[in-house]
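Notes for the one structure printed next.
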Amino acid sequence: MKFETEVLHCSKYLLNTFENEVNEVKNTISLIKWKSDFGYKNSLHQTAYNKNFEDIFGDLEWEQKPFLSESPKLIGDFRKNAVFVEVQFGNSSTIYRDFYKFQYGHRNGLLSLSILIVPTSPFKFFPNRDKKSISNMAEYHLAKRYFTILQIQVPTIIIGLLPKN
C-alpha cells in the first residue's frame with residue numbers, strides 16, 4: 001500500500017546508519033495491499049493487518065514483541081538492531097503510550113530510532129467498519145501534531161498508511 005512519512009529529530013547520519021532497516025519497513029508496507037475489507041489468515045481489519053505485518057517482519061528476521069522494560073511493562077511490536085517499530089490501530093490515547101515507549105527506550109539506550117505506523121484517515125482506511133469502532137483511532141496527523149509539540153526529542157519516523165495501492 002501507499003504511505004506518507006514525517007521524519008522528526010533525525011540526523012542524516014542516523015538515517016544513513018539505519019537505511020537498511022527503514023527500507024525494510026517501507027518495503028514491508030508496500031507488500032501489503034490495502035483493501036476496504038482487508039482479510040488475512042481468517043482475520044479482518046486491524047487484526048488482519050497486524051498478522052500480515054508480523055509474518056513479513058518475521059521473514060525479515062525482525063524481533064517480535066521486544067521488551068523494553070518488565071516494570072513498567074513496555075513491549076513493542078518489532079525491533080531490529082536499534083530500530084523499534086510500533087504499528088498502531090488502537091485508540092488515539094495509545095499514541096502517548098507509544099511515545100512513552102520510544103522515550104524510555106531512547107533514554108535507556110535500547111533504541112536509536114523509533115518508527116510509528118498508523119493510518120492517515122481511519123474512516124477511509126476502514127470504510128466498511130462500524131464508525132464507532134474507529135471514531136477515536138490513532139491516526140497520522142494526530143501523531144504528527146503531538147510528536148512535534150512535545151518537548152522530548154526522540155528520533156522518530158511517523159508513517160501514515162494511505163487507503164490506496
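All values derive from a computational prediction rather than experimental measurement.
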Should we say atom [atom1] of [X] is surrounded by more than 12 heavy atoms from elsewhere, each under 6.0 Å from it?
| X | atom1 | value |
| --- | --- | --- |
| K65 | NZ | no |
| K12 | NZ | no |
| N42 | CG | no |

Counting only N and O atoms by type, is there a donor-acceptor contact under 3.5 Å from the side chain of [X] to the main-chain atoms of [Y]?
| X | Y | answer |
| --- | --- | --- |
| E86 | I115 | no |
| N81 | V83 | no |
| K2 | L161 | no |
| S36 | P127 | no |
| E70 | K73 | no |
| D77 | V87 | yes |
| W34 | L162 | no |
| T156 | L116 | no |
| T148 | K144 | yes |
| N52 | A48 | no |

Exercise for the section: For the residue pair F84 and F102, categorise the inter-ring angle as parallel (less than 30°), tilted (30 to 60°) or perpendicular (more than 60°). Expected result: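 Answer is perpendicular, since the angle exceeds 60°.
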Exercise for the section: Please work out which of the three classes, parallel, tilted or perpendicular, describes the rings of F57 and F53, given edges at 30° and 60°. Expected result: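 Ring orientation of F53 relative to F57: parallel.
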Measuring from atom [atom1] of [X] to atom [atom2] of [Y], what distance do you get when rounded to the nearest 0.5 angstrom?
| X | Y | atom1 | atom2 | result |
| --- | --- | --- | --- | --- |
| I159 | T120 | CD1 | OG1 | 12.5 Å |
| S121 | H141 | OG | NE2 | 7.5 Å |
| T28 | I56 | OG1 | CD1 | 5.5 Å |
| F147 | I157 | CZ | CD1 | 12.5 Å |
| C10 | L15 | SG | CG | 5.0 Å |
| R129 | K131 | CZ | NZ | 10.5 Å |

Handout entry: Salt bridge K80-E61, side-chain N to carboxylate O under 4.0 Å
Key =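 No.
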Problem - Within the 6.0 Å centroid threshold, strictly below: Y49 and F125 - result: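 Yes: the rings meet the under 6.0 Å criterion.
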Measure across [X] and [Y] and return the closest heavy-atom pair with its distance rounded to 0.1 Å.
| X | Y | value |
| --- | --- | --- |
| L14 | S112 | CD2-O, 3.7 Å |
| P155 | H106 | CD-NE2, 3.4 Å |
| P122 | A138 | CG-O, 4.0 Å |

Problem - Any side-chain donor near an acceptor of the partner, W62 and E21, under 3.5 Å - result: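 No.
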Problem - Any donor-acceptor N or O pair under 3.5 Å, side chains N50, Y40 - result: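 Their side chains do not contain a donor-acceptor pair, so the 3.5 Å distance test is not met.
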Indicate if [X] and [Y] have the same hydrophobic cluster label, given that clusters are the connected sets of ILVMFWY residues with side-chain heavy-atom separations under 4.5 angstrom.
| X | Y | result |
| --- | --- | --- |
| V7 | V154 | no |
| Y100 | F67 | no |
| F38 | F123 | yes |
| L74 | L111 | yes |
| V85 | L8 | no |

Note, [X] side chain near [Y] side chain (heavy atom, < 4.5 Å):
| X | Y | result |
| --- | --- | --- |
| I158 | E4 | no |
| V25 | I117 | yes |
| I29 | K26 | no |
| K164 | M1 | no |
| V22 | L113 | yes |
| F3 | Y140 | no |
| I75 | L68 | no |

Practice task
Report the C-alpha separation of F99 and Y146 in whole Å, then their side-chain angles, then the decisive distance to 0.1 Å, and conclude whether the ring-ring contact (aromatic ring centres under 6.0 Å, His included) test is met.
Solution key: CA-CA 9 Å; F99 187 74; Y146 285 128; 9.7 Å; no
Problem - Trace of the side chain to side chain contact (heavy atoms under 4.5 Å, CB included) decision for Q88 with D98 - result: CA-CA 9 Å; Q88 192 55 259; D98 292 338; 2.7 Å; yes
Practice task
Show the numbers, then the answer: is there a side chain to side chain contact (heavy atoms under 4.5 Å, CB included) between L44 and D37?
Solution key: CA-CA 7 Å; L44 294 173; D37 274 325; 5.6 Å; no
Practice task
Let me see the working for Q46 and M137 under side chain to side chain contact (heavy atoms under 4.5 Å, CB included), right down to the final yes or no.
Solution key: CA-CA 11 Å; Q46 294 104 304; M137 184 178 278; 3.1 Å; yes
Handout entry: Check against side chain to side chain contact (heavy atoms under 4.5 Å, CB included), F78 and E63
Key = CA-CA 5 Å; F78 309 101; E63 177 185 1; over 6 Å; no
